[in-house]
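What follows is a set of notes on a single structure, which appears directly below.
Both counts, for ligands and for their atoms, begin at 1 and track the order of listing. Counting from 1, the numbers follow the sequence of the chain as shown.
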Amino acid sequence: MAYLTLKNINKIYPNGFHAVHDFNLEAERGEFIVFVGPSGCGKSTTLRMIAGLEDISKGEFLIDGQLANQWGPREREIAMVFQSYALYPHMSVYDNLAFGLNLQGVDEDVIDERVKKTAAILGLTDYLDRMPRALSGGQRQRVAVGRSIIRKVGVFLMDEPLSNLDAKQRVTMRSEITQIHNETGATTIYVTHDQTEAMTMADRIVVMKEGYVQQIGTPKEVYFNPVNMFVAGFIGEPPMNFIRRPVQNGCITIGGHSISLQPKLGDKLSQYEGKDIVFGFRPEGVVLGAQDGACHISGQVELTEMLGDNANVYMNIDEDHSILKVTPHEIPEMDSELTFSVPYENVYLFDAVSEEVIC
Ligand code: ATP
């Protein structure tokens with residue numbers, strides 16, 4: 001049985017704003033779930049409803065099969081790490097970690113053992129006597145994480161815990177949080193607007209937009225099988241390229257080449273005849289040159305960006321803009337004419353009206 005169950009959860013704020021619509025999720029014990037989506041899509045609101053910090057307007061929330069809508073935050077046995085971590089400035093790292101357990105009246109010996117174990121997991125053993133002001137941002141964030149994992153809880157909720165860290169610290173903390181999650185075995189729900197964090201940390205990703213869940217799946221599923229243009233454009237960096245064209249005689253014309261849609265659409269082809277369709281391909285899903293049996297596209301090179309192990313090539317294709325990812329050895333001349341191929345297996349077609357994936 002799922003450990004956390006959200007059944008048609010809705011949030012309507014007192015001002016009437018409907019922030020979350022029919023959110024459904026079953027999280028298994030020990031699973032690492034990431035909520036991802038642009039600012040304002042309802043990630044934090046959903047997390048706060050799980051934590052018991054926000055009322056659930058409609059729907060059912062179950063913990064281990066028991067209806068928990070009315071349970072207070074403490075009864076839920078949930079620990080939460082927020083974006084802005086407030087440590088007690090006048091207490092050492094040791095005391096900051098021990099604080100919650102002290103309040104609960106836990107035995108001194110047990111506290112000491114747990115503080116030391118937590119510090120070891122987080123690499124804070126040498127800093128236990130330090131005051132927060134004498135720590136780096138990353139170390140402070142680790143203490144904040146430590147304060148929540150020191151309590152033995154079934155669920156960790158994390159709301160953009162890395163957003164105050166610089167890029168390098170974020171990468172380090174990303175793998176540390178994954179490790180902590182694996183060691184504690186708790187169910188973790190992690191909120192971020194950063195798709196790289198979602199892809200690297202999650203067992204399953206929940207992609208949200210404007211209060212609606214768009215797709216729930218493993219990182220591979222949302223990357224390889226996005227259900228719509230929103231998910232396809234949100235997951236992946238640089239994002240998937242989209243080119244909208246009318247279907248004429250079973251083909252679309254892009255960058256001077258006629259591309260047959262028969263291999264992708266088969267029997268469905270006639271449904272789209274005369275209508276617009278969206279041709280999608282990922283920057284990394286192309287091969288330079290005209291490859292046999294693939295879709296050929298030509299355009300003008302507008303800009304190239306050398307990134308080290310790869311490079312981005314910005315293309316103007318009949319006034320549509322696309323990005324290709326190439327190796328550093330393949331970087332073309334600026335303003336040159338470039339032909340590339342998209343193998344059919346790397347092509348995604350979307351309905352131009354519903355924006356849902358066709359195939
Ligand atoms: P961010 O990444 O910016 O934190 P988010 O996805 O976590 O965004 P939420 O904070 O859940 O988004 O907010 C969802 C929507 O609900 C937003 O449009 C927000 O303005 C609105 N909202 C949040 N709190 C309230 C409130 N107390 N009353 C009314 N509307 C609210």
Exercise. Non-hydrogen atoms of Gly37 versus ligand 1: any pair closer than 4.0 Å?
Worked result: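 It does not, in that no heavy atom of Gly37 comes within the 4.0 Å cut-off of ligand 1.
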Exercise. Taking the non-hydrogen atoms of Met208, is any one of them nearer than 4.0 angstrom to ligand 1?
Worked result: no
May I ask you to check whether [X] has an N/O atom sitting below 3.5 Å from an N/O atom of ligand 1?
X     : value
Phe17 : no
Ser44 : yes
Ala19 : no

Of all the atoms in ligand 1, which lie at a distance below 4.0 Å from a heavy atom belonging to [X]?
X      : value
Gly42  : 5 (P), 6 (O), 11 (O), 12 (O), 14 (C)
Thr45  : 9 (P), 11 (O), 13 (O), 14 (C)
Glu160 : 2 (O)

Problem set entry | Hydrophobic cluster identity match, Phe230 and Tyr223, side-chain contacts under 4.5 Å |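 The answer is yes; both residues are in one hydrophobic cluster.
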For this session: Determine the sole option in Phe340, Phe242, Tyr348 for which the ring-ring contact (aromatic ring centres under 6.0 Å, His included) test with Phe281 is passed.
Result: Phe340
Problem set entry | Geometric class of the Tyr190/Phe32 ring pair [parallel <30°, tilted 30-60°, perpendicular >60°] |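 Tilted.
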Problem set entry | For Arg204, the option from Glu28, Glu31, Glu221 that meets salt bridge (Lys or Arg N to Asp or Glu O under 4.0 Å) | Glu31
For this session: Going by the side chain to side chain contact (heavy atoms under 4.5 Å, CB included) test, name the single residue among Ile254, Ile259, Ile297 that passes it with Val342.
Result: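 Of the listed residues Ile254, Ile259, Ile297, the side chain to side chain contact (heavy atoms under 4.5 Å, CB included) partner of Val342 is Ile297.
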Exercise. Quick one: do Arg244 and Asp320 make a salt bridge, cutoff under 4.0 Å?
Worked result: no
For this session: Classify the contact between Lys43 and ligand 1 as side chain, backbone, both or neither, using a heavy-atom distance cut-off of under 4.0 Å.
Result: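 Under 4.0 Å from ligand 1, Lys43 contributes backbone and side-chain atoms.
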Exercise. Quick one: does ligand 1 sit under 4.0 Å from the side chain of Asn15, the backbone, both or neither, non-hydrogen atoms only?
Worked result: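 Looking at Asn15 and ligand 1, just side chain atoms fall under 4.0 Å.
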Problem set entry | Donor on one side chain, acceptor on other, Asn346 and Arg282, under 3.5 Å |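 Not at all, the side chains of Asn346 and Arg282 share no donor-acceptor pair under 3.5 Å.
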